Amino acid sequence: VVTYNSVINGFCLEGNIRAAQNTFNDMLDKGLVPDMVTYSTLIYVYCKEGNIQEAYSLLDELAGKGLVADVITYSALIQGLCKERRLKNACKLFHKMLQMGLKPDQFTYTTLINGHCREGNIKKAFKLHNEMVKNGLSPDVVTYSVLIHGLCKQVRTKEANRLLFRMIYDDLIPDKVTYDKLIENCIDDNMESNVALIKGLCMKGEMIEAEKVFEIMREKNWTPNDIVYNVLIHGYCKNDNICKAYNMYNEMEELGLVPNIGAIIVLIKSLNNEGMTKESDEMLQRVMKGCLTPAAAAQTAMIEQNNEEGNMQEVIKILAEMVDDGLLPN
RNA sequence: GUUGGGAGCGA
């Protein structure tokens, strides 16, 4: 039976329902008794095709054979109904499964939540979300994605954003799909919040994620500004990827953007810590030339650093250069 | 027995 199930599923994945159905008939001919997996597979694929009728008749058939539909079967059917915009029927089926003592799981809830979102009924969607939490089921990445997308479609961008933050706070790392949805809807009105998102991820040490968001923003032809770069430089330094931070800095300069003093300081310190003194010297030169020294903060940092290392000659040199540049040490 | 169910965009 397992072998047949695998083959049936294979055909279903190809969308070849005919072959799947033939294989099913084959197994009956051979006197094999299909189990719940067999039926769920077929019900799912019929639902996907929009053939709810056939799905329902399979549901009857399995009941006639003494099999009892489980959560997976019902979830598949609920999804099918939602797809056909028969949300009322989907809800009815949901209640029926409750009555039968079946416990809906994350999949069931997410499917139904998505159904409500599709109809623009965010209120109902959140009600279900709360219900699932009350039942001890924690919403996962997909659940959040569905809700975020639902909000975005209603142009409730702020709430979508807040939810995304909550998701990160819950230690769920959103995947590319979620970002796409959110960013797609933020592109003209709210780039700052995406930068805030990157910052949040940097603070959590999720640099790969932060980079993903950055990439997506660039794919959307958004020209990065100095603020994101500063955030990313900070992030990479804090998470010990100094090379990346240094690359960001160079990229930034190429774009003619001006790094802020905070980013410069961390980067110089980090480069020194990593023993990348050539790079840090070079950077310092550039910074000193570029009159980016409002409060001589970079020089102060360099002096501190060199002083700690007992490199007094360098300290003196920096002080002398400051004076040459018209900056008086306080 | 690596056998079944949930999200976006694109076409």
Side-chain angles (χ1 to χ4, degrees), chain A residues 1-15 17 20-21 23-24 26-27 32-49 52 55 58-59 62 67-84 87 90 93-94 97 102-119 122 125-126 128-129 131-132 137-154 157 160 163-164 167 172-187 212-213 215-217 219-221:
Chain A
V1 175
V2 171
T3 315
Y4 270 97
N5 287 346
S6 303
V7 173
I8 291 173
N9 188 41
F11 283 128
C12 290
L13 288 175
E14 289 188 331
I17 302 194
Q21 184 67 52
T23 312
F24 177 72
D26 235 44
M27 95 187 260
L32 289 169
V33 182
D35 62 6
M36 271 321 298
V37 175
T38 326
Y39 278 107
S40 291
T41 309
L42 286 170
I43 286 175
Y44 168 68
V45 79
Y46 277 118
C47 283
K48 213 168 67 173
E49 212 203 26
I52 308 288
L58 281 167
L59 189 67
L62 71 88
L67 290 169
V68 182
D70 62 12
V71 196
I72 296 183
T73 324
Y74 276 102
S75 300
L77 272 163
I78 289 172
Q79 190 205 14
L81 290 165
C82 289
K83 265 214 179 86
E84 296 294 304
L87 190 55
L93 200 62
F94 182 73
M97 86 180 259
L102 288 172
K103 286 221 178 311
D105 62 10
Q106 282 176 321
F107 281 49
T108 327
Y109 273 111
T110 304
T111 306
L112 205 52
I113 288 173
N114 192 32
H116 285 293
C117 286
R118 266 193 191 151
E119 305 292 327
I122 307 287
F126 273 99
L128 278 167
H129 166 267
E131 189 184 310
M132 91 184 262
L137 297 168
S138 27
D140 64 7
V141 182
V142 180
T143 319
Y144 274 113
S145 293
V146 166
L147 286 166
I148 288 170
H149 185 230
L151 286 166
C152 284
K153 272 208 301 218
Q154 306 290 316
T157 313
L163 203 57
L164 190 70
M167 175 170 162
L172 292 171
I173 301 309
D175 47 19
K176 195 170 180 298
V177 173
T178 319
Y179 292 135
D180 275 351
K181 277 187 268 199
L182 187 71
I183 290 168
E184 178 198 329
N185 292 283
C186 296
I187 187 116
K212 258 195 223 161
V213 182
E215 276 312 309
I216 289 171
M217 289 168 79
E219 278 167 23
K220 305 259 176 203
N221 278 331

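Per chain, numbering begins at 1; letters A, B, ... match sequence-line order. Given the structure is predicted, the values throughout are model-derived calculations rather than measurements.
- A/Glu131 meets the side chain to side chain contact (heavy atoms under 4.5 Å, CB included) test with A/Phe94, A/Tyr109, A/Leu128, A/Asn135; sequence neighbours excluded.
- Along RNA chain B, the stretch of nucleotides lying under 4.0 Å from any heavy atom of chain A spans, 5' to 3', B/G1 to B/C9.
- A/Ser75 comes within 4.0 angstrom of a base, heavy atoms only.
- Residues satisfying the side chain to side chain donor-acceptor pair (under 3.5 Å) criterion with A/Asp70, sequence neighbours excluded, are A/Thr73.
- Using a 4.0 Å cutoff on non-hydrogen atoms, the parts of residues 137-144 of chain A near RNA chain B are A/Asp140, A/Val142, A/Thr143, ordered by number.
- A search for side chain to side chain contact (heavy atoms under 4.5 Å, CB included) contacts involving A/Val177 returns A/Asp175, A/Lys181, not counting sequence neighbours.
- Residue A/Val146 is classed as a sugar-phosphate contact, given heavy-atom separations below 4.0 Å to backbone atoms only.
- With sequence neighbours left out, the side chain to side chain donor-acceptor pair (under 3.5 Å) criterion links A/Thr110 to A/Thr143.
- If you check every strand for non-hydrogen atoms under 4.0 Å, A/Thr111 touches sugar and phosphate atoms only.
- Looking at heavy-atom distances under 4.0 Å, A/Val7 makes no contact with the nucleic acid at all.
- A/Phe11 meets the ring-ring contact (aromatic ring centres under 6.0 Å, His included) test with no other residue; sequence neighbours excluded.
- Every side chain to side chain donor-acceptor pair (under 3.5 Å) that A/Ser145 has, sequence neighbours left out, goes to A/Thr178.
- Using a 4.0 Å heavy-atom distance criterion, A/Ser145 is classed as a base contact.
- Using a 4.0 Å heavy-atom distance criterion, A/Asp70 is classed as a base contact.
- Here A/Thr108 lies in heavy-atom contact (under 4.0 Å) with a base.
- With hydrogens and angles ignored, the 3.5 Å screen pairs no side-chain donor or acceptor of A/Ser40 with any backbone N or O of A/Val37.
- The side chain to side chain donor-acceptor pair (under 3.5 Å) check on A/Tyr39 picks up A/Glu61, A/Lys65, with sequence neighbours excluded.
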